[in-house]
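Throughout, a chain's letter reflects where its sequence line sits, starting with A, and its residues are numbered from 1.
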Amino acid sequence: MEHTSGRHRDKVRASVADALAPLFDGARVMVGGFGLCGNAEALIAGVVAHGARDLHLISNNAGNLGKGLAQWLRAGIVKKVTCTYLGNNDDLHAARESGAVELEVIPQGTFVERIRAAGAGIPAFYTPTGVGTVVAEGKETRAFGGRTYLLEEALSADFALIRCHRADPFGNARFWRTARNFSPLMAMAAKTTIAEADELVALGAIDPDDVHLPGIFVHRVVEVREHEDPFEYRRVRARP
Amino acid sequence: MEHTSGRHRDKVRASVADALAPLFDGARVMVGGFGLCGNAEALIAGVVAHGARDLHLISNNAGNLGKGLAQWLRAGIVKKVTCTYLGNNDDLHAARESGAVELEVIPQGTFVERIRAAGAGIPAFYTPTGVGTVVAEGKETRAFGGRTYLLEEALSADFALIRCHRADPFGNARFWRTARNFSPLMAMAAKTTIAEADELVALGAIDPDDVHLPGIFVHRVVEVREHEDPFEYRRVRARP
Amino acid sequence: MSWDKQQMAARAAREIAPGSIVNLGIGLPTLVADYLPDDAGVWFHSENGLLGMGPFPYEGDEDPQLINAGKETVTVVAGGSTFDSATSFAMIRGGHVDLAILGAMQVAMNGDLANWWIPGGKMMGIGGAMDLASGAKRILVLTQHVTKDGEPKLVRACDYPLTAKGCVHRVITELGVLDVAGDAFTLVELAPGVSEAELAAKTGAPLRTR
Amino acid sequence: MSWDKQQMAARAAREIAPGSIVNLGIGLPTLVADYLPDDAGVWFHSENGLLGMGPFPYEGDEDPQLINAGKETVTVVAGGSTFDSATSFAMIRGGHVDLAILGAMQVAMNGDLANWWIPGGKMMGIGGAMDLASGAKRILVLTQHVTKDGEPKLVRACDYPLTAKGCVHRVITELGVLDVAGDAFTLVELAPGVSEAELAAKTGAPLRTR
C-alpha cells in the first residue's frame, strides 16, 4: 500500500519563492484580479524572480500602467496570453503588435465559465454569448429551445496565483469586496493553486459559513502583509 | 415609454399566503433542502393551504417521515417528482407504486448542475456522471480528451421555495451550515423565488462580502420566526 | 438644439423602471445613474462582481479593491453584495439583469450591435460586452447619432465585427429616441429642435415615423 | 477468523494518505473515520455541502441544520466550511476529492460498480453515488465479500444497474484486500486465518495471487 502524503496539509510557505518553487517553463498560469484589483502582487513579482519562461498567461487583463502582470510582459517570460480585455495596457498592445506574444481574446463571461467548468469537471457547455460574432468562428453551434448557442470547452491551468484578504492554514480564504472576481474559479481550475494572503489566520478563525473559497481548492499559502494596491482609475466626488 | 415597476422593490410579504399568491396549478416548483434539513417549512405547508394542484416538484428528496414535502404527496397535489434520492420516504414510495406520481430520479450532482445551468443561462453541458448507466439511456454522449461524457440540459422552474437564516428586504440571504444545499441554485433557476427567512434584517445589516445569495435571485421574502426543524437521523456521542 | 450628453443621460434614466437591475456600460452610460430619483429602487450591477454599486467615493474613502467594470473606484450601497465573476456572469447570461445601457459603434435596424472593435483601430478587447449584449433582458444603446466623421452609426447592417446579433431594443442619441424594427428604425421621440428630416438624413437606414 | 466490521474499517483507514480529502459513503464506510490518528490531517467531505466534517455531536449540541449526506447530525471541525450543492459536486466531479470509500452490491473485475439498486428491490434512488463513483480520484469499496444469500459480490461482470463503469481501484472485505485488474481481481492482502483457496471460492471472478 502506498502511503504518500496528500496535498492538504502543511500548506503554509515561509516565502514567496518557496510558494512558487514548483513553477516550470511553459506552464499555463491563471492569475486572479480584475485589472490591478485583487492582484497577487508578491506572487506576480516572484514569478519574474523565479525565472520560469514561455508561460501561457490566463488572466482578465494582463496588467496595466506597467504594473501587475505587465511586469511579465516586460520581462519577456510570456509566450501566450488568454484574456478578455486589453484596454490601455500598452505593454500588451506592444507585445501583441511585435508578435512577441500570441494573444487570444474571449468574452469575459465565457472566460470565467470555461474556467469554472474545468474546476467542476464539466468538459464543455453551450452558451449564447458570441453567436454570430468572430468568437463563433470554427466553433460548433446548436439550437436548444429555438435559440442558437456555441459550444465552449473547459479552460484549465497548471497553476493559479490568487490574492485573498484572509486565509487559514488549510487554505480557506476570504476576499475583500470586488477583489474576489476570478480568483475562486481559477483556484478550482488549476492543478496547483497558490494563495497570497494579506493575513494568515488560525484554523477555525473563519466561520464555516463565511468561507468564500474552501481550502480543498488551495495548495500553497503565503502571507504577504504589505501591498501597493494601485488605483487604476481613481475617481472621487466632493464631500457635500 | 412603458414605466412598469420592476420586481426588485417591495419584496417583503406580510404572510405566507401573500408570498405564495402567484402560485398556479401545474407549476414546476423547486424546493430547497437536503431531506428535512433547510426546508422552507411554512411555505411548504402554505402551498397545501393555497390549493394549487398538479405540481411538478423538483427537490432532492420530497420529504421524509411524513414531514416536509411528504405533506404535498399526502395532499395529492403533486403529479411529478424530479429528485435524486427516495430513501425511506414511504410517502414517495407509495405514490410511485400507486402511479399517483410520475417519478424521475437523477444523480445529485447532475441535478444541481442542471439547476445551476438554468440559472446561469447555460442550456446544456457535458458531464461524466452516469455514462454507461441507465441515466445515459436516450442521451447523447460525446468524447472530450479521450473520455466519454453525457449531454445534460438545464432544469428550470416557475417557482423556487427556499429557507434562509437571514434575509434583508432586497432578498440578500444567508444560510446556516448545511441548510444551504440546493437553495441558492434553485433561486437562480426559477422565474419567481420565494424566500422564508428565520429573521428579516435591515438593508445593510449583511456585509456585502457575507451575502450567500444576492437579492437579484429573490423576488418575495416572508419572515417566519418559528420552525420545527425536525431531526431526520439524530446521532450523538456520549460526553467524555 | 438637440440633447447634450447630460440630457441624453437624463432621457435614458426615464427608460429605467423602478425596482429593476441595471448594468451601465463604460463611458456615456455611466452618467445615467445621476438622473435617477433617490427612491427609484434601482440596483446597479457591475460585472466585475458587484450588485448595488453606489456613486464615486468621497475623497479619502476610495478603496482600490472596490471598483466598477471600468476599473474606477466606486462605493457599495446598503443591501449591496459582492461575488465572484462566475456568479456575476450567471446574473447576466441567465437573464437576471433587466436592462443594460451600452455604447455603440454601430447599431443595425435589425438590432445587431457592434461596440467592441473597429478593424484597423486599436483593439481594446471584448470584456463583458458580448455577454451583456446577449444576456440582459433589454438593451438600450446610448450613443452619438453619427461618428466624428459624420458617418451614420444607425445603419442597415453593421460593417464592424458584431457584439451580438439582434440584441438592441432602443437607441437614444442626441437627436432622439428610436426603436429597432427589423426593416427600419422607428421614431419614438425627437429631441427639441430636431426635425424628422434631419433625423432621417443622419440615419443610415430607413426611418419610420409613427 | 477474518475481519469484523471494525477491523475492516481499521484496514480501510490505512488506505487514507495523510493530508487527503475523503468522502465516506453511507453505512460501513462511516466507521472508517474512527480509525484515523488525530494528526492524520484528513478532511472529510460530505456531499450535502460540508468539508471538515467532524464526529457526531455531544448530546444536546446537535443542530438539525448541520448534517451529513446520510442526514445524520454531525459537527464541523476547525477549518471546516459549508457551501452550496453545486460547489460540493464541483469538488467531486472536478476530481478534487482524493478518495471515496463506498459500499457495493457488486464490483466487477474491470472496476465496474453497482451500488444503488437491485432490480426488484426497493429503489432508494441515486443520490450522490454516481457522481462520487465517477468523480473521486480513487474509489475504495468496503463491503462484505458475499451477499446474505452467499452469492459473490466480486464478479466477472455486474448484473445490477451500474453506478459507474471502471471506477473501482481496490476492494476491502472481511476476507482481505483485492485490486481490480481488468481480467481478474488481484490479491493484495488476506485477513488473518483466510486462505487463498477460501478467497478464490467466494470470489465470482478469476483471482490472481502475487
For the interface with chain C, which of [options] has the highest count of heavy-atom pairs at distances below 4.5 Å?
options	result
A:His165, A:Arg116, A:Arg96	A:Arg96
A:Val105, A:Leu185, A:Asn181	A:Asn181
A:Gly35, A:Pro107, A:Gly38	A:Pro107
A:Ala179, A:Gly33, A:Cys83	A:Ala179
A:Ile115, A:Leu213, A:Asn64, A:Val112	A:Val112

So, do [X] and [Y] sit near enough that their side-chain heavy atoms are less than 4.5 Å apart?
X	Y	answer
A:Val135	C:Ile126	yes
C:Gln65	A:Phe34	no
A:His212	C:Asp84	no

So which atom in [X] and which in [Y] form the shortest heavy-atom distance, rounded to 0.1 Å?
X	Y	result
C:Met130	A:Gly130	SD-CA, 4.1 Å
C:Leu162	A:Gly132	CD1-O, 3.7 Å
A:Cys37	C:Pro64	SG-O, 3.5 Å

From [atom1] ([X]) to [atom2] ([Y]), nearest 0.5 Å:
X	Y	atom1	atom2	result
A:Thr133	C:Lys165	OG1	NZ	10.0 Å
C:Met123	A:Leu86	CE	CG	5.0 Å
A:Thr178	C:Met53	OG1	CE	10.5 Å
A:Glu113	C:Ser85	CD	OG	11.5 Å

Most heavy-atom pairs under 4.5 angstrom with chain A, which of C:Ile92, C:Asp61, C:Val76?
-> C:Asp61
Among the listed options C:Pro161, C:Gly60, C:Gly49, C:Gly127, the residue most often paired with chain A at heavy-atom distances under 4.5 Å = C:Gly127
Within residues 215-240 of chain A, contacts to chain C at heavy-atom distances under 4.5 Å involve A:Asp229, A:Pro230, A:Phe231, A:Glu232, A:Tyr233, A:Arg234, A:Arg235, A:Val236, A:Arg237, A:Ala238, A:Arg239, A:Pro240
Per-residue contacts, residues 141-151 of chain A versus chain C, heavy atoms under 4.5 Å = A:Arg147
Within 6.0 angstrom of [X] [atom1], more than 12 heavy atoms from elsewhere:
X	atom1	answer
A:Arg174	CZ	yes
C:Glu59	CD	no
C:Lys5	NZ	no

Between [X] and chain A, which part of the residue has a heavy atom less than 4.5 Å away: side chain, backbone, both or neither?
X	value
C:Ala164	backbone
C:Asp63	both
C:Leu66	both
C:Ala69	both
C:Thr87	neither

Quick check on [X] against chain C: is it the side chain, the backbone, both or neither that has a heavy atom closer than 4.5 Å?
X	value
A:Val131	backbone
A:Ser183	neither
A:Ile106	backbone
A:Asn61	side chain
A:Pro128	both

Residues of residues 94-106 of chain C near chain A, each having a heavy atom less than 4.5 Å away | none
Any chance the side chains of A:Thr129 and C:Asp131 put a donor and an acceptor closer than 3.5 Å?
-> yes
Donor-acceptor contact below 3.5 Å, side chain C:Arg93 vs main chain A:Gly109 = yes
How would you list all residue pairs meeting ring-ring contact (aromatic ring centres under 6.0 Å, His included) that involve residues 31-90 of chain C, not counting sequence neighbours?
-> B:Phe170-C:Trp43
